[in-house]
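Since the structure comes first, as structure tokens, the remarks are kept for the end.
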Amino acid sequence: KTYTVENGAPERVGKRDAYCLNVEMIVNDDQLEVFHGLLKKLNEPSTPEPLEMQFVYGQPSGKGHDHTFFFHEEYDGEKGFNPAHISTPHFQEYWKWVMSKPQPWSKFEVNYYNTL
């Protein structure tokens, strides 16, 4: 589909300085239900973070990716992530799950960067 101003083109986010991270995670089959519950808590509007600029997640298109998740997060500076984000109760609950034994995921990769 081609978007134009007339047919409702998506609004583009302008360039901004941000501390960002991208996460790729493959969740074990026996942990999917628990993980979906954690996602709901991470994305609830009742958990606002003043320095969080963007938090989105999704899954790859196509079949066979039910266990793969991607996250993209942007914060107003590194302090928006650490300590502000990682000290929230919803992140602490998520991190406890990530670090639990036996490991609830088969892949957990995080990349941190600053926008240029």
Side-chain angles (χ1 to χ4, degrees):
K1 180 175 184 178
T2 301
Y3 291 100
T4 65
V5 172
E6 292 79 26
N7 74 3
E11 187 176 325
R12 182 179 173 142
V13 176
K15 183 186 175 329
R16 57 190 178 189
D17 292 330
Y19 180 75
C20 307
L21 62 124
N22 293 329
V23 178
E24 180 179 358
M25 178 184 286
I26 300 175
V27 178
N28 295 343
D29 190 53
D30 64 336
Q31 291 291 314
L32 274 176
E33 189 174 324
V34 173
F35 185 67
H36 282 288
L38 291 169
L39 280 179
K40 186 176 180 181
K41 289 180 183 178
L42 285 171
N43 209 34
E44 284 179 348
S46 63
T47 54
E49 296 181 42
L51 298 176
E52 179 185 275
M53 298 164 68
Q54 184 174 34
F55 174 82
V56 293
Y57 62 90
Q59 292 185 276
S61 301
K63 296 181 180 181
H65 298 287
D66 296 346
H67 298 80
T68 303
F69 296 85
F70 295 103
F71 294 84
H72 173 74
E73 303 174 37
E74 294 182 14
Y75 298 91
D76 186 7
E78 189 171 350
K79 289 181 180 178
F81 177 72
N82 184 8
H85 175 63
I86 67 169
S87 63
T88 61
H90 58 275
F91 179 84
Q92 290 295 312
E93 183 178 0
Y94 162 76
W95 194 248
K96 183 178 178 181
W97 175 83
V98 166
M99 301 305 291
S100 64
K101 301 292 180 196
Q103 188 171 288
W105 43 267
S106 61
K107 180 176 185 177
F108 183 71
E109 182 176 311
V110 184
N111 293 290
Y112 301 91
Y113 59 97
N114 292 294
T115 57
L116 299 175

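What you see below is based on every heavy atom in this structure, not just the backbone, and it leaves out hydrogens, waters and symmetry mates.
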Side-chain donor/acceptor of [X] to backbone N/O of [Y], under 3.5 Å:
| X | Y | value |
| --- | --- | --- |
| Q54 | H72 | no |
| Q103 | W105 | yes |
| E78 | Y19 | no |
| K15 | L116 | yes |
| N114 | D17 | no |
| Q92 | I86 | yes |

For a quick test of reading the model, state the closest non-hydrogen atom pair linking [X] to [Y] and the distance between them.
| X | Y | value |
| --- | --- | --- |
| T68 | P60 | O-CD, 3.5 Å |
| E24 | K107 | OE1-NZ, 3.2 Å |
| G80 | A84 | O-CB, 3.4 Å |
| H67 | D29 | NE2-OD1, 3.0 Å |
| H90 | L42 | CD2-CD2, 3.5 Å |

Legend entry - Steps toward side-chain contact (heavy atoms from CB on, under 4.5 Å) verdict (Q59, H65): CA-CA 7 Å; Q59 292 185 276; H65 298 287; 5.6 Å; no
Inset, instruction - Specify whether F35 and F71 have parallel, tilted or perpendicular ring planes, treating 30° as the upper limit for parallel and 60° as the lower limit for perpendicular. - result: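 Aromatic pair F35/F71 classed perpendicular.
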Legend entry - Aromatic ring pairing F69/H36, orientation class (parallel under 30°, perpendicular over 60°, tilted between):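 Aromatic pair F69/H36 classed perpendicular.
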Inset, instruction - Count the heavy atoms belonging to other residues, nucleotides or ligands that lie under 6.0 Å from CD of E33, then report whether that count exceeds 12. - result: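 At most 12 heavy atoms, drawn from other residues, nucleotides or ligands, come within 6.0 Å of this atom.
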Kindly indicate whether the side chain of [X], heavy atoms from C-beta on, has any atom under 4.5 Å from the side chain of [Y].
| X | Y | result |
| --- | --- | --- |
| Y94 | T88 | no |
| P104 | W97 | yes |
| H85 | L51 | no |
| M25 | V98 | yes |

Find out if a path of hydrophobic residues (ILVMFWY) with successive side-chain heavy-atom gaps under 4.5 Å connects [X] to [Y].
| X | Y | answer |
| --- | --- | --- |
| V34 | L39 | yes |
| M99 | F108 | yes |
| F70 | W95 | no |
| V110 | V27 | yes |

Inset, instruction - Only one of Y112, Y75, Y113 passes side-chain contact (heavy atoms from CB on, under 4.5 Å) with C20; say which it is. - result: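 For C20, the side-chain contact (heavy atoms from CB on, under 4.5 Å) check succeeds only for Y113.
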Legend entry - Partner set under salt bridge (charged side-chain N to carboxylate O under 4.0 Å, His left out) for K63, not counting sequence neighbours: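 Salt bridge (charged side-chain N to carboxylate O under 4.0 Å, His left out) list for K63, sorted by chain: empty.
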Legend entry - Straight-line distance of E49 CD to S87 OG, nearest 0.5 Å: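 One gets 8.0 Å once the value is rounded to the nearest 0.5 Å.
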